[in-house]
Asker: 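First the structure, then my questions, so here it is.
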Number of protein chains: 2
Amino acid sequence: MPKLGMQPIRKEALVKATIVEIGRAGSLDVTVAQIARRAGMSTALAHHYFGGKEAIFLAAMRHILSIYGAEVRGALAVAKTPEARLDAIILASFSAANFRREVISAWLNFYVLARTVPGAQQLLSVYQRRLHSNLLAALRPIAGAKAVPLAHAMGALIDGVYLRAVLRDGPPDGQAAIEMLRRYVAAELEGRPE
Amino acid sequence: MPKLGMQPIRKEALVKATIVEIGRAGSLDVTVAQIARRAGMSTALAHHYFGGKEAIFLAAMRHILSIYGAEVRGALAVAKTPEARLDAIILASFSAANFRREVISAWLNFYVLARTVPGAQQLLSVYQRRLHSNLLAALRPIAGAKAVPLAHAMGALIDGVYLRAVLRDGPPDGQAAIEMLRRYVAAELEGRPE
DNA sequence: AAGTTTATTGACTCGTCAATCAACAAAAAA
DNA sequence: TTTTTTGTTGATTGACGAGTCAATAAACTT
């Protein structure tokens with residue numbers, strides 16, 4: 001009963017299964033068999049479509065990154081003032097879609113993956129640069145000379161909040177994270193604009 | 001040529017070798033054989049002294065945590081004002097001993113380990129609670145009601161800076177990290193003390 | 001109708017690795 | 001001196017997992 005045009009469907013199923021399995025395992029110690037089983041196919045098929053485990057991981061990473069990117073882009077498009085743009089980035093970073101256990105766990109493990117796999121390292125660098133330039137663009141008009149260090153600090157703070165969310169038991173508290181970021185921005189901007 | 005009293009010596013060698021190997025590999029995908037070889041002994045001996053791989057990892061984690069803890073304690077002991085205590089924590093967090101590639105890499109991977117191994121989870125929780133209460137004690141007199149959220153944010157920021165240091169190629173820049181933390185504290189405290 | 005491309009899997013290979021064990025050696029205790 | 005404790009390793013076991021392959025079948029092409 002083989003139907004044609006399965007490739008994209010299978011690939012997507014594998015990518016989603018990978019994220020779920022990494023979330024469950026809490027690490028990259030996930031077998032191709034586990035991923036394939038969850039995606040409802042044999043391991044051979046997974047290899048057939050992706051060629052290897054590393055490619056599956058990279059595709060999963062690309063998937064998460066692209067969802068996040070799309071959300072940020074969408075939110076920025078409707079934001080008119082620099083303040084609104086800054087807030088849009090913060091909100092997107094901790095939205096229900098991104099700030100979920102599974103996704104956070106995957107994120108953490110992609111950092112680990114980036115230490116070994118050049119492709120992962122590169123993907124993560126792209127994400128960081130994009131975040132930084134988005135932050136900078138929003139901050140420049142309202143933070144003056146402070147913009148650059150502030151953007152760096154915000155990036156690190158966002159990553160840190162993600163990291164800490166991994167350890168907690170319950171569901172991650174996106175609202176608290178958003179308030180933490182907003183409070184910091186407010187504190188920095190409230191002083192003299194230099 | 002077996003000498004007596006080897007146990008502590010062997011254990012320490014294994015712990016140090018573990019940290020080095022995790023740093024090299026950039027992940028927990030490190031074999032007992034690699035660790036044992038670097039520590040100058042057979043894999044059987046490593047198992048003999050620790051009983052298993054997990055115990056070796058936990059010992060390595062305890063080692064890093066205890067060095068960090070000792071450094072913070074030492075710095076706090078000589079700091080007399082709340083401001084000095086706060087700065088002492090910041091300085092210790094990014095000291096040359098702690099803010100090194102190997103150690104940072106180990107740190108990141110211990111976060112991953114904590115998702116799977118209850119013992120690791122517990123160790124990390126202890127560290128986080130201690131850091132939080134140290135920060136809180138220093139902040140309370142100078143930050144008033146802001147102290148609690150500020151302590152949380154600083155903890156997250158420190159972790160975030162660590163996380164980002166992992167990705168960069170060159171040696172981590174402790175000085176820049178210290179300045180980022182100081183600027184953060186300054187910005188938050190500069191407003192009305194509420 | 002014959003041939004080609006796409007989908008799919010069970011079975012297999014090959015390597016790796018944690019853990020165990022039997023055996024040997026030296027010091028300490030008896 | 002015999003026995004026990006401590007240190008040490010090479011060799012082996014047993015499990016698991018990534019990747020390959022041959023085989024089967026449905027759909028599309030000519």
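Values in this document were obtained by computation on a predicted structure and should not be read as measured data. Below, all heavy atoms of this structure are taken into account, side chains as well, without hydrogens, waters or symmetry copies. Here is how names work: the chains are called A, B, and so on, in the same order as the sequence lines, proteins then strands, and each is numbered from 1.
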Asker: What is the separation between atom CG on A:Leu14 and atom C1' on D:dG19, rounded to the nearest whole Å?
Answerer: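 Atom CG in A:Leu14 sits about 15 Å away from atom C1' in D:dG19.
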Asker: Quick one: does B:Asn109's side chain have a donor or acceptor within less than 3.5 Å of a partner on A:Val112's backbone?
Answerer: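 Answer holds: no.
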Asker: Side chain of A:Ala44: nearest nucleotide among C:dA27, C:dT9, D:dT8?
Answerer: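 The nucleotide sitting nearest to the side chain is C:dT9.
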Asker: Separation of A:Lys11 atom NZ from C:dT6 atom P, in whole Å?
Answerer: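 After rounding, the gap between these two atoms is 13 Å.
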Asker: Can you tell which of B:Phe110, B:Phe94, B:Tyr68 makes a ring pair (Phe, Tyr, Trp, His ring centres under 6.0 Å) with B:Tyr162?
Answerer: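 Only one of B:Phe110, B:Phe94, B:Tyr68 forms a ring pair (Phe, Tyr, Trp, His ring centres under 6.0 Å) with B:Tyr162, namely B:Phe94.
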Asker: One character per nucleotide, please: for nucleotides 14-19 of chain C, 5' to 3', B when the base has a protein heavy atom closer than 4.0 Å, S when only the sugar-phosphate does, - otherwise.
Answerer: ---SSB
Asker: Below 3.5 Å, can you tabulate the donor-acceptor pairs from side chains in residues 39-49 of chain B to any protein atom, sequence neighbours excluded?
Answerer:
| from | atom 1 | to | atom 2 | distance (Å) |
| --- | --- | --- | --- | --- |
| B:Ser42 | OG | B:Leu45 | N | 3.3 |
| B:His47 | ND1 | B:Thr43 | O | 3.3 |

Asker: Which is true for A:Tyr49 with a 4.0 Å heavy-atom rule: it touches a base, it touches only sugar-phosphate, or it touches nothing?
Answerer: sugar-phosphate
Asker: According to the Watson-Crick and G-U wobble definition with distances under 3.5 Å, which dot-bracket string, read 5' to 3', encodes DNA chain D, using [ ] for crossing pairs and | for pairs with another strand?
Answerer: ||||||||||||||||||||||||||||||
Asker: Quick check, are the ring centers of B:Tyr127 and B:Trp107 under 6.0 angstrom apart?
Answerer: yes
Asker: State whether a side-chain donor-acceptor pair under 3.5 Å links A:Ser27 with B:Arg115.
Answerer: no
Asker: Testing B:Ile22, B:Val15, B:Val117 one by one against B:Phe57 for a side chain to side chain contact (heavy atoms under 4.5 Å, CB included), which residue passes?
Answerer: B:Ile22
Asker: Is a side-chain N or O of A:Arg38 found less than 3.5 angstrom from the main chain of A:Ala17, in a donor-acceptor match?
Answerer: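 Such a contact is absent between A:Arg38 side chain and A:Ala17 backbone.
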Asker: Which nucleotide in the list D:dC28, C:dT8, C:dT9 gets nearest to the side chain of A:Arg10?
Answerer: C:dT8
Asker: Between A:Gln7 (CD) and C:dT8 (P), how many Å, whole number?
Answerer: 11 Å
Asker: Let me know the distance between CG of A:Leu4 and P of D:dC28, rounded to the nearest Å.
Answerer: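 About 5 Å, once rounded to whole Å.
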Asker: Give the rounded distance in Å between these two atoms: CG of A:Asp29 and P of D:dG17.
Answerer: 9 Å
Asker: Write down the distance between CD1 (A:Ile56) and P (D:dA18), rounded to a whole number of angstrom.
Answerer: 9 Å
Asker: Using a strict 4.0 Å threshold on nitrogen-to-oxygen distance, state whether B:Glu188 and A:Arg183 make a salt bridge.
Answerer: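 Judged by the 4.0 Å cut-off on N to carboxylate O distance, B:Glu188 and A:Arg183 do form a salt bridge.
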Asker: In terms of hydrophobic clusters joined by side-chain contacts under 4.5 Å, are B:Leu150 and A:Tyr184 together?
Answerer: yes
Asker: Could you give the CG-to-C1' distance, from A:Leu45 to D:dG19, as a whole number of Å?
Answerer: 14 Å
Asker: Atom NE2 of A:His48 and atom P of D:dA18: how far apart are they, to the nearest Å?
Answerer: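 Taking NE2 of A:His48 and P of D:dA18, I get 19 Å after rounding.
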